[in-house]
Amino acid sequence: MINIKENEKLNILNHSCAHLLAQAVKHLYPKAMFWVGPVIEDGFYYDIDLGEDVIKEEDLEKIEKEMKKIAKDGKRIVREELSKEEALEKFTNDPYKLDLIERMNEEEQVISCYTQGDFTDLCRGPHVDTVKELKYFKLLKVSGAYWKADANNKMLQRIYGVCYDKEDELHHHLQEIEEAKERDHRRIGKDQELFMNHKLVGSGMPLWLPNGAIIRKQLENYIYEKEQKLGYNHVYTPCVGTVDLYKTSGHWDHYQENMFPMMKVDEEEFVLRPMNCPHHMLVYKNKMHSYRDLPIRIGEFATDFRYEASGAVKGLERVRCMCQNDAHLFVTPDQIGEEFEKVVNLILDVYHDFGIKDYKFRLSLRDKNDKEKYFDDDEMWDKAENKLREVLNHLGVEYFEAVGEAAFYGPKLDVEVRPAVGPEVTLSTCQLDFLLPRNFELSYIDAHGEKKIPVVLHRAIFGTFDRFTAFIIEETKGVFPTWLAPVQVKVIPINPEYQGDYAQGVVELLQQANIRVELDDRNEKLGYRLREAQTSKVPYTIILGDQEKENNTISYRLHGKKETTTITKEDFLEKLRIEIATKALTNQ
C-alpha cells in the first residue's frame, strides 16, 4: 500500500479532500465545527464537533454524495495569508480554530486559510487548484477521538477517508483494505478463540485462550530447542524490580516515561519491569567468571510491562503486557563478531522455517551530536558500530543505516519485516551494549589474571511472542501449518451410531502419538460438520464411513480442498509425524 503521506501528489490530494469532506459535513450539519484534518499514511481524517448530532457508518454515503456534488461544481480553491489579528477576527466564533491560532507564532509561520465556494478553513496547505480535481475518493469509517488526544477533553467524531487521482488506484486501495480485514488478527483471534480482552483486566492486557495458548507454547518449544542447541541457559526472574535497579541500569533516566507508575511496598519502591536486562546482569554477577566461561548466554521467556497510549494498543500486535523471547549474551571484546554473527544466522534460520522472505536489516546508530540521549564515549560507539558493520558485510547481508535510532547504551540491528498487509513491523533485534556491564560492575578474569568488563549483546529473535503470533495469524489468515495448529486433526464419523467406536479408536491412536485431535460425533448432518471443520481451519479432516471401518483405513481431506484421500492409519500417522517434525509450512 502506497504511503500517501510521503507521496507529494497524493498528500496534496488527500489534504484537499479533507477540506471537501468538511465542506460537505458543514452543508449537512450546519452547526459542525472542525478541529484538524491531517493526511496520514493511508489517507486522511477530520475531527469534527457535531454538537448533539451523531454521524454513523450509514451516513457516510450521503456525505460522499454531497462531496461529489461540491466537486462537480468545480469551485477554485483560493489561498489567503492573514495576520494573527485578522485570523482571530475571521474565526472569532470558532473555538477550535481560535485555539490553533492562539498557539501560532507569527514570526515563525505564515497563517493562511483556504476558501472554496462557501467554505473557508484554516490551513497551511498546499491544495489542488479546484475541487473538480477531487474525483476518486471514499469515506472509510467514523470513530471517536478526544480533542487534542486528551481523555479529559470533549469527544469529537473522526471521519476517515482516502483520495487518489486514478480510479484504478482507489479500487486497488479498497481491495487492500478488504484484504487487511480478512487477515486482521483480532478478528481471526476472536473467530478461532485464540485470545480475548476484557475491560476488567485492562487495555492492552490480552488473555490467551486455550487455542492461542497452544500456539504460543509451540513457538516457545520451537525457539527453546534452537537456543538450547546454541548453548543458551534459561532462567526465570521476577516481573518487578526496584526503582534502584533501573537507576543503576540507566533506564530510569532514559525510559521512565514508558514504564508503569512506581508502587511502594513496605520501604521499597517497585516498578513493573519493562525489560529483562537488569535482572540478567545480576544473574551473571551472581558468581565470578573466567574468560574461559565466556560467552555466557542467558535466555528467558519473560513477561514485561510497558506503557502504551490507549490509542496505540492493538490486539496482540501492540500491548502493555508482553512476553519477550529475550536473551543476553556476555562476551569478551574479541567474541563480539562471532557471537553477533551467530545471532544473525539464528534470525535467518528462523525466518527460513517460517517462510519469511520480505525483510530488511536496519543498523541503528547514534546521533553523535546528541549527548543527552546517548552514553558519551566516542571510542566505544565507533568500535561497536564498526564491528556490527564488519559482521554484516562479511555475511553479505543487505542493510541500511538509521542514525539516531540506537538504544542509549549501544548500536542495534533491527529486522523490519513486510507483512502481507499493512506497514512494516520490527520482529527481531540485536543490541550491542558496553554500558550496562559497567553500571552493574560486571567482570571476568582474563588470561593474565586481570579483571575485565564483558560486553553484552541483547537479542530477541521473535521479539515478543505476542507480536510474532499476530504476525503469523495475519500471514496465514489463521490457516496454521500442522505443527502449529491448535487442533491438527478433526475426526468425523459419517454415522456416529455405526462408525462411532471406530472413530474413537482413531482418536485414541492419534492422541497416543501426541497429535492434537478432536472428535465430532454430534447428531448433525455430515455436510454441516464438514463445513464447520473447514471454517475452523483444521489442517486435516478425517471422514470415516463403513468402508473405512471394514478396511481399517481412514479417508482425509486437507483444509481448503474437496478431494479425499484414503490410506492406512499407520501411513497417515507417519505422514503427520514427518510433517510436524520438519515444521513443514504446508500440508500439501
* Asked: Sub-3.5 Å donor-acceptor pair from the side chain of Glu64 to the main-chain atoms of Leu139, do we have one?
  -> yes
* **SB check Glu178 Lys181 (cutoff 4.0 Å)** => yes
* Shortest non-hydrogen separation from Asp520 to Lys490 and the atoms involved -> CB-CD, 4.1 Å
* Do Lys477 and Glu179 sit within salt-bridge range, that is, some charged N less than 4.0 Å from a carboxylate O? -> yes
* **Greater than 12 external heavy atoms within 6.0 Å of Lys583's NZ** => yes
* Asked: If you draw a 6.0 Å radius around OH in Tyr146, do more than 12 non-hydrogen atoms from other residues or ligands fall strictly inside?
  -> no
* Which heavy-atom pair separates Ala24 from Met67 by the least distance, and what is that distance? -> CB-CG, 3.5 Å
* To do: Using the side chain to side chain contact (heavy atoms under 4.5 Å, CB included) rule, pick out the option among Leu432, Leu392, Asn345 that qualifies with Phe340.
  => Leu392
* **Backbone of Cys323 reached by a side-chain donor or acceptor of Asp466 within 3.5 Å** => yes
* Asked: How long is the span from the CD1 atom in Ile48 to the CG atom in Leu21, to the nearest 0.5 Å?
  -> 5.0 Å
* Contact check, side chains of Tyr164 and Leu13, non-hydrogen atoms, under 4.5 Å -> no
* Structure fact -> Interatomic distance, CD@Gln23 vs CG@Leu20, rounded to 0.5 Å, equals 6.5 Å
* Asked: Hey, are Lys9 and Asp165 close enough for a salt bridge, meaning a charged N less than 4.0 Å from a carboxylate O?
  -> yes
* To do: For the residue pair Tyr136 and His173, establish whether any side-chain heavy-atom pair is separated by less than 4.5 Å.
  => no
* Please check if any side-chain donor atom of Ser428 sits under 3.5 Å from a side-chain acceptor atom of Tyr351, or the reverse. => yes
* Asked: Does the ring center of Phe354 lie less than 6.0 Å from the ring center of Phe471?
  -> no
* To do: Identify the two heavy atoms, one from Asp414 and one from Thr426, that lie closest to each other, and give their separation to 0.1 Å.
  => CB-CG2, 3.9 Å
* In Å and rounded to the nearest 0.5 Å, what is the CG to SG distance from Asn11 to Cys163? -> 11.5 Å
* Checking ring-ring contact (aromatic ring centres under 6.0 Å, His included) against Tyr46, which of Phe34, Tyr160, Tyr96 comes through? -> Phe34
* To do: Find out whether Leu585 and Asp353 are in side-chain contact, i.e. whether some heavy atom of one side chain is under 4.5 Å from a heavy atom of the other.
  => no
* To do: Keeping the roles fixed (side chain from Arg183, backbone from Glu474), state whether a donor-acceptor pair exists under 3.5 Å.
  => yes
* Within the side chain of Asp326, is there an N or O that forms a donor-acceptor pair under 3.5 Å with the backbone of Ala460? -> no
* Is it true that Lys62 and Glu66 make a salt bridge, defined as a side-chain N closer than 4.0 Å to a carboxylate O? -> no
* Contact summary for Arg516 and Gln218, nearest pair of heavy atoms -> NH1-NE2, 3.3 Å
* Asked: Does the distance from a Lys or Arg side-chain N to an Asp or Glu carboxylate O, for Lys5 and Glu41, drop under 4.0 Å?
  -> no
* Asked: Under a 4.5 Å cut-off applied to non-hydrogen side-chain atoms, are Lys132 and Lys72 in contact?
  -> no
* Asked: NZ of Lys148: more than 12 outside heavy atoms within 6.0 angstrom?
  -> yes
* To do: Rounded to the nearest 0.5 Å, what's the gap from CD1 on Ile473 to CG on Leu316? Could you check?
  => 6.0 Å
* **Check against salt bridge (Lys or Arg N to Asp or Glu O under 4.0 Å), Arg531 and Glu524** => CA-CA 11 Å; Arg531 283 193 300 274; Glu524 299 282 358; over 6 Å; no
* To do: Take atom CZ of Arg522 as the centre, draw a 6.0 Å sphere, and report whether it contains more than 12 heavy atoms from other residues, nucleotides or ligands.
  => yes
* To do: Decide if atom CD of Glu193 counts as having more than 12 heavy atoms of other residues, nucleotides or ligands within a radius under 6.0 Å.
  => no
* Glu58 atom CD, neighbour heavy-atom count above 12 within 6.0 Å -> yes
* To do: Report yes or no: does Gln324 contribute a side-chain atom to a donor-acceptor pair with the main-chain N or O of Asp304 at less than 3.5 Å?
  => no
* Within 6.0 angstrom of Lys135 NZ, more than 12 heavy atoms from elsewhere -> no
* Donor-acceptor contact present, side-chain Arg273 to main-chain Thr303, <3.5 Å -> yes
* Backbone N or O of Asp53 within a donor-acceptor pair of the Gln157 side chain at under 3.5 Å? -> yes
* Between Leu484 and Tyr222, is any pair of side-chain heavy atoms under 4.5 Å apart? -> no
* Could you tell me whether a side-chain N or O of Asp73 sits under 3.5 Å from a main-chain N or O of Lys75, the two making a donor and an acceptor? => no
* Would you find a donor on one side and an acceptor on the other, under 3.5 Å apart, between the side chain of Arg158 and the backbone of Gly144? -> no
* **Sole candidate of Glu401, Glu398, Glu424 that passes salt bridge (Lys or Arg N to Asp or Glu O under 4.0 Å) when paired with Lys360** => Glu424
* To do: Could you grab the distance from atom CE of Met33 to atom CG of Leu156, nearest 0.5 Å is fine?
  => 9.5 Å
* Structure fact -> What one should report as the nearest heavy-atom pair of Lys97 and Trp35 is NZ-O, 3.1 Å
* Structure fact -> CD1 (Ile77) and CG (Asp121) are apart, to the nearest 0.5 Å, by 11.5 Å
* Report yes or no: do Asn276 and Glu300 form a side-chain donor-acceptor pair below 3.5 Å? => no
* To do: Test side-chain contact (heavy atoms from CB on, under 4.5 Å) on Gln488 and Ile580 and set out the steps.
  => CA-CA 10 Å; Gln488 296 167 318; Ile580 292 168; 3.6 Å; yes
* Should Asn325 and Leu219 count as side-chain neighbours, where that means a heavy-atom distance under 4.5 Å? -> no
* To do: Quick one: do Val142 and Asp59 satisfy side-chain contact (heavy atoms from CB on, under 4.5 Å)? Show the steps, please.
  => CA-CA 10 Å; Val142 60; Asp59 296 323; over 6 Å; no
* **Residue pair Lys166, Asp168: steps toward the salt bridge (Lys or Arg N to Asp or Glu O under 4.0 Å) verdict** => CA-CA 6 Å; Lys166 295 180 182 177; Asp168 60 337; over 6 Å; no
* Ser112 backbone acceptor or donor facing Arg124 side chain under 3.5 Å -> no
* Is it true that the side chains of Tyr540 and Glu579 contain a donor and an acceptor less than 3.5 Å apart? -> yes
* Any luck finding a side-chain donor-acceptor pair between Tyr114 and His19 under 3.5 Å? -> no
* Check whether any side-chain heavy atom of Val162 lies under 4.5 Å from a side-chain heavy atom of Asp42, and answer yes or no. => no
* Test item: His27 and Lys69 side chains (from C-beta on) under 4.5 Å apart, heavy atoms -> no
* Please determine if Lys314 and Glu308 form a salt bridge, counting it only when a charged side-chain N lies under 4.0 Å from a carboxylate O. => no
* Asked: Looking at Trp147, does the NZ or CZ of Lys154 lie under 6.0 angstrom from its six-membered ring centre and within 45 degrees of the ring axis?
  -> no
* **Closest approach of Asp49 to Gly51 (non-hydrogen atoms, all atoms of both residues)** => OD1-N, 2.9 Å
* Any chance you could lay out the side-chain hydrogen bond (donor to acceptor under 3.5 Å, both in side chains) test for Ser143 and Tyr45, step after step, and finish with the verdict? => CA-CA 10 Å; Ser143 65; Tyr45 69 76; over 6 Å; no
